[in-house]
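Single-structure report; data block below.
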Amino acid sequence: MVEAAEALRTVAHNVKAARTRAGLSLDELSRRAQVSKGALVGLEKAQGNPNFATLVRLADTLGISVSALMQGPPEGRVRVVAADAVAPLWTGEQGSEARLMLTTSGPAPVEVWRWRLEPDEEYPSHPHQAGVVETVSVTSGRMTLVVDGTEHTVEAGQTATFDGDAAHTYRGAGTGTCHLIMTVHLPPGPAA
């Protein structure tokens with residue numbers, strides 16, 4: 001419980017700092033991100049429990065990565081993150097999950113995700129901001145990647161990439177669990 005409260009305080013601080021840097025009022029961020037003003041006020045006060053979709057919409061609108069909303073100050077030159085040290089940001093009813101492992105720093109950050117998709121379980125994603133490119137590398141099993149309504153089978157040992165500004169869905173396929181690494185390449189943010 002203490003870790004969850006600390007994580008929420010970090011998100012609250014980072015959302016407010018990013019909103020301030022972007023010169024956005026609560027009303028304007030609410031409108032652009034399609035998140036209620038009440039939820040934003042609560043979030044900036046470290047109250048509530050924002051879901052994954054809300055964090056993605058806020059990050060996209062603010063031009064930063066999801067993990068930039070969640071991470072405290074950097075700890076050193078090299079960062080090693082164990083999968084079990086990171087809580088899933090999405091879990092499906094059948095046991096699927098997505099964990100945001102880390103985000104690289106710099107003007108065009110990259111998010112690194114570990115996904116587990118159970119057969120026929122799916123995660124639909126709303127379109128991201130223009131310039132976002134996603135790459136999925138299946139390490140075991142098989143998945144169906146749906147981009148703009150077109151299905152693409154991606155099997156173990158294969159990698160697919162696409163522009164993330166279109167509606168897309170990740171779905172487990174076949175009879176076994178699909179494991180994949182996803183990277184989200186974000187466009188350069190505004191100059192600080």
Test: side chain to side chain donor-acceptor pair (under 3.5 Å). Region: residues 137-149. Which pairs qualify, not counting sequence neighbours? S137-T159
Carboxylate-amine/guanidinium proximity below 4.0 Å for E151 and R171: yes
Main-chain N/O of A33 paired to R57 side chain as donor or acceptor, under 3.5 Å: yes
Working to the nearest 0.5 angstrom, can you tell me the gap between R21 CZ and K16 NZ? 13.0 Å
Separation of M143 CE from E122 CD (nearest 0.5 Å): 10.5 Å
With a 4.5 Å cut-off on side-chain heavy atoms, are I181 and W113 touching? no
State, to 0.1 Å, how close L26 and L40 come at their nearest heavy-atom pair, and which atoms those are. O-CD1, 3.7 Å
Got a sec: does the CD of Q47 have more than 12 other heavy atoms crowding it under 6.0 Å? yes
Nearest heavy-atom approach of V15 to L62 is O-CD1, 4.3 Å
Salt bridge present between R114 and E97 (N-O < 4.0 angstrom): no
State, with a plain yes or no, whether a side-chain heavy atom of V11 is found less than 4.5 Å away from one of L55. yes
With side chains defined as the heavy atoms from C-beta onward, is the minimum distance between E155 and T153 less than 4.5 Å? yes
Can you tell me how far CG of L180 sits from CD of Q158, rounded to the nearest 0.5 angstrom? 12.5 Å
Taking V146 as the starting point, is it possible to reach V136 by hopping between hydrophobic residues whose side chains are less than 4.5 Å apart? no
Do any N or O atoms from the side chain of T104 and from the backbone of V110 form a donor-acceptor pair under 3.5 angstrom? yes
Got E121 and E93 here, is their nearest side-chain heavy-atom distance under 4.5 Å? yes
Could you walk me through whether C178 and V138 pass the side-chain contact (heavy atoms from CB on, under 4.5 Å) check? CA-CA 7 Å; C178 176; V138 175; 3.8 Å; yes
One should read off an interatomic distance between L58 CG and R32 CZ, to the nearest 0.5 angstrom, of 13.0 Å
Which heavy atom in P187 sits nearest to a heavy atom in P109, and how many Å separate them? O-CD, 4.5 Å
State which residue, out of H126, H128, H152, fulfils the ring-ring contact (aromatic ring centres under 6.0 Å, His included) condition with H168. H128
If two hydrophobic side chains count as joined below 4.5 Å and joins carry through other members, does W115 share a cluster with V132? yes
For D120, enumerate each residue passing the side chain to side chain contact (heavy atoms under 4.5 Å, CB included) test, keeping only those at least two apart in sequence or located in another chain. none
For residues S36 and S30, report the shortest heavy-atom separation together with the two atoms involved. C-OG, 3.6 Å
Does the side chain of E118 pick up a donor-acceptor pair with the side chain of T177 at under 3.5 Å? yes
If you define the side chain from C-beta out and look only at heavy atoms, does anything of T91 sit under 4.5 Å from S96? no
Could you check if a side-chain atom of T61 sits within less than 4.5 angstrom of a side-chain atom of V35, using non-hydrogen atoms only? no
Heavy-atom pair of closest approach, residues A166 and V147: CB-CG1, 4.2 Å
Euclidean distance, T54 OG1 relative to L43 CG, rounded to 0.5 Å: 8.5 Å
Could you tell me the separation between the CG atom of L89 and the CZ atom of R99, rounded to the nearest 0.5 Å? 9.5 Å
Can you name the closest pair of heavy atoms from V154 and A160 and give their distance? CG2-CB, 4.0 Å
With a 4.5 Å cut-off on side-chain heavy atoms, are Y170 and L145 touching? yes
If we only count heavy atoms from C-beta on, is the T161 to T183 side-chain gap below 4.5 Å? no
